[in-house]
Amino acid sequence: MTAALLEQYRERIRTELDRVVDFWLKYSHDKEQSGFFNCLGKDGKVYDELKYVWLQGRQVWMYSRLYRTMERFHRPEILDAAKSGAAFLQKFARVQASSGPGKCAFCLTRDGRTVKVQRTIFSECFYVMAMDELSRITQDKEMQADAESMMDRLIFWVQTDSSDLSRPQLPGDPPINSMAVPMMLLCLVDQLTEGRTDVAEKYKDLSGWCVEQILQHIQRDGKAILENVTLNGKELPGCQGRLQNPGHALEAGWFLLQYALKKEDAQLQKTAVDKFMEIPFHTGWDKQHGGLFYFLDVDGHCPTQLEWNMKLWWPHCEALIAYLMAYSHSRAPLLLDRFKQIYDYTFSHFSDEEHGEWFGYLSCKGEVVLDFKGGPFKGFFHVPRCLYMCEKLLDGLLERQDS
C-alpha cells in the first residue's frame with residue numbers, strides 16, 4: 001500500500017514539475033535583451049519588465065540543476081536559457097562602487113540598468129548559486145572562481161564587516177542573529193562543496209558556524225523556533241523577538257537534516273526533525289482552514305506583519321521537502337502522514353490546472369488572493385525546487401522498496 005501511495009505521489013509531482021518548467025520556458029525568456037521576465041500573470045503574460053537579480057540567479061540555478069541531474073531536462077533550450085541568464089547577470093548585476101564592482105542590485109530595468117539596491121545579502125547569494133551550478137556543466141573555471149569570490153565577500157560581510165551593505169549600526173537597533181543569514185550560507189556551502197574536496201576544506205569551518213547560529217533559534221526551553229535572536233542566542237524583546245516563521249523553520253529543518261546525514265550526526269538529525277519540523281508544523285498549521293500560517297507570535301499576539309495569516313506557496317514547498325526527506329531517512333509513518341497532510345492541501349489549493357504553475361498567495365481560508373505566477377518575490381525556484389527534490393526522494397524510496 002505504501003509503495004502504491006509513493007508511486008501516486010511521484011507521478012503527480014513529476015507531471016507537475018514538467019508543467020511548471022514548460023510554463024517558464026514558454027513565457028519568461030527575454031529573447032531581445034536576454035535574462036528572464038519575472039513578473040508573469042496567471043496566464044503567463046508579462047505585466048512588468050523589471051528584472052529581479054535574486055530571481056534571475058534562482059532561475060539560472062534551477063535550469064542548470066535540472067539540466068545537469070535529470071535526463072529528461074537535458075535539453076539544449078534549457079542550457080541555452082541558463083547561459084543567457086548567467087551572461088545577463090555577469091554583465092549587469094554588480095553595481096559599480098568606488099573600489100570596483102560592489103554589491104549586486106536587487107532590481108534592474110529590462111536592459112540591465114540598476115533600479116534598486118537592497119541592504120541585504122540575498123541577491124549575492126543567488127548569484128553564487130547560479131554561477132557555481134552552471135560552471136559544473138560548462139566547466140568554466142572563471143565562472144566558478146566568480147562564484148567563490150562572491151562567496152568570500154559574503155562571508156566577510158556577515159562575519160567581519162558589514163559596512164559595504166550600507167547598513168549603519170544605529171544605537172536603538174542592536175545587531176541580531178536573523179535565521180535567514182546562516183541558513184542561506186549553509187545552503188551555499190552545500191552548493192559550492194558538492195564533489196569538490198578542495199572547496200570543502202576551504203569552507204569546513206563555515207558550515208559548523210552556520211549550524212551553531214541556526215541552533216540558537218531554539219528558544220523557550222526547546223518549545224519554540226524564533227526567527228530573530230541576539231548575537232549570543234538570547235530572546236529579543238518585543239514583536240521582533242516573538243516572531244515565528246513556520247516556513248523558514250521547516251526549511252532550516254531540512255537544511256540541518258541534510259547536513260546531519262552527511263556528518264552522520266544522529267543527535268542533530270533528531271533535532272532537525274523534532275525542533276525544526278515538528279514544532280513549526282504544530283504551531284503553524286491552521287487547524288480550522290488548513291495550510292500553514294505565514295507568521296505567528298509566540299505569545300499569541302497578532303503579528304504586526306499584515307499578511308501574517310495568509311497561506312503562501314513557499315512555506316508549503318519547504319514543508320513537503322522537509323517531511324519527505326525526514327521520512328526517507330527514518331521511515332517513520334508519522335512523517336509520511338505529515339507529508340500527506342501538507343501534500344493534500346498544497347496540490348488542492350496552489351496548483352493552477354488551467355494555465356499551469358502555482359498561485360502564490362491565498363487568504364486564510366485558502367482562496368486565491370493574488371493570481372499572478374511571478375512577481376518580485378515569486379519566481380522559478382521554490383515550486384520547481386520542491387518538485388525536483390521530492391521526485392528525487394521518491395525515486396530513492398521506490399528503488400529501495402523494489403530492492
R72 atom CZ, over 12 foreign heavy atoms within 6.0 Å: yes
Residues E227, H248; criterion side chain to side chain donor-acceptor pair (under 3.5 Å); working and verdict: CA-CA 8 Å; E227 185 72 7; H248 246 169; 2.6 Å; yes
Trace of the side chain to side chain donor-acceptor pair (under 3.5 Å) decision for Q118 with S123: CA-CA 8 Å; Q118 281 192 324; S123 291; 5.4 Å; no
Residues in ring pair (Phe, Tyr, Trp, His ring centres under 6.0 Å) contact with Y52, at least two apart in sequence or another chain: F106
Straight-line distance of N309 CG to C302 SG, nearest 0.5 Å: 7.5 Å
Parallel, tilted or perpendicular, as decided by the 30° and 60° cut-offs, for the rings of F126 and W54: perpendicular
Side-chain ion pair, E49 and R110, N-O less than 4.0 Å: yes
Side-chain donor-acceptor contact under 3.5 Å, Q56 with N38: yes
Steps toward side chain to side chain contact (heavy atoms under 4.5 Å, CB included) verdict (F73, D18): CA-CA 9 Å; F73 295 117; D18 289 346; 3.3 Å; yes
H349 side chain to Y345 backbone, donor-acceptor under 3.5 Å: yes
Over 12 non-hydrogen atoms of neighbours within 6.0 angstrom of CD in Q169: yes
From CA spacing to verdict: ring pair (Phe, Tyr, Trp, His ring centres under 6.0 Å), Y343, Y9: CA-CA 9 Å; Y343 173 97; Y9 290 146; 4.5 Å; yes
Aromatic contact, W254 with Y323 (centres under 6.0 Å): no
Aromatic ring proximity, centroids under 6.0 angstrom, H316 and W358: no
Cationic tip of K378 above F372 ring, under 6.0 Å, 45° of axis: no
Salt bridge E353-R12, side-chain N to carboxylate O under 4.0 Å: yes
Nearest non-hydrogen partners of H74 and Y67, listed with the distance: ND1-O, 3.0 Å
Over-ring placement of K311 relative to Y294, 6.0 Å and 45° cut-offs: no
E318 bridged to R385 by N-O distance under 4.0 Å: yes
Ring centers of F380, Y63 separated by less than 6.0 Å: yes
CG on L186 to CZ on F255, rounded to 0.5 Å: 7.0 Å
F359 and its side chain to side chain contact (heavy atoms under 4.5 Å, CB included) partner, picked from L312, L370, D352: D352
Residues, nucleotides or ligands: over 12 heavy atoms within 6.0 Å of K42 NZ: no
Gap between atom CD1 of I321 and atom NE2 of H382 - 0.5 Å precision: 8.0 Å
Any donor-acceptor N/O pair, S348 side chain to D344 backbone, under 3.5 Å: yes
Side chain Q144, main chain R136, donor-acceptor under 3.5 Å: no
Presence of salt bridge, D164 and K103, under 4.0 angstrom: no
Exercise: do Q244 and D297 side chains pair donor with acceptor under 3.5 Å: no
Could you pull out every donor-acceptor pair under 3.5 Å between side chains of residues 257-265 and any protein atom, sequence neighbours left out?
unit_1, atom_1, unit_2, atom_2, d
K262, NZ, D190, OD1, 2.2
D265, OD1, Q267, N, 3.2
D265, OD1, L268, N, 3.0

Flag if over 12 foreign heavy atoms under 6.0 Å of CG, L306: no
Residues N177 and Q213: side-chain donor-acceptor under 3.5 angstrom: yes
Side chain to side chain contact (heavy atoms under 4.5 Å, CB included) between L40 and V46, intermediate numbers included: CA-CA 5 Å; L40 305 178; V46 178; 3.8 Å; yes
R119, CZ: over 12 other non-hydrogen atoms inside 6.0 angstrom: no
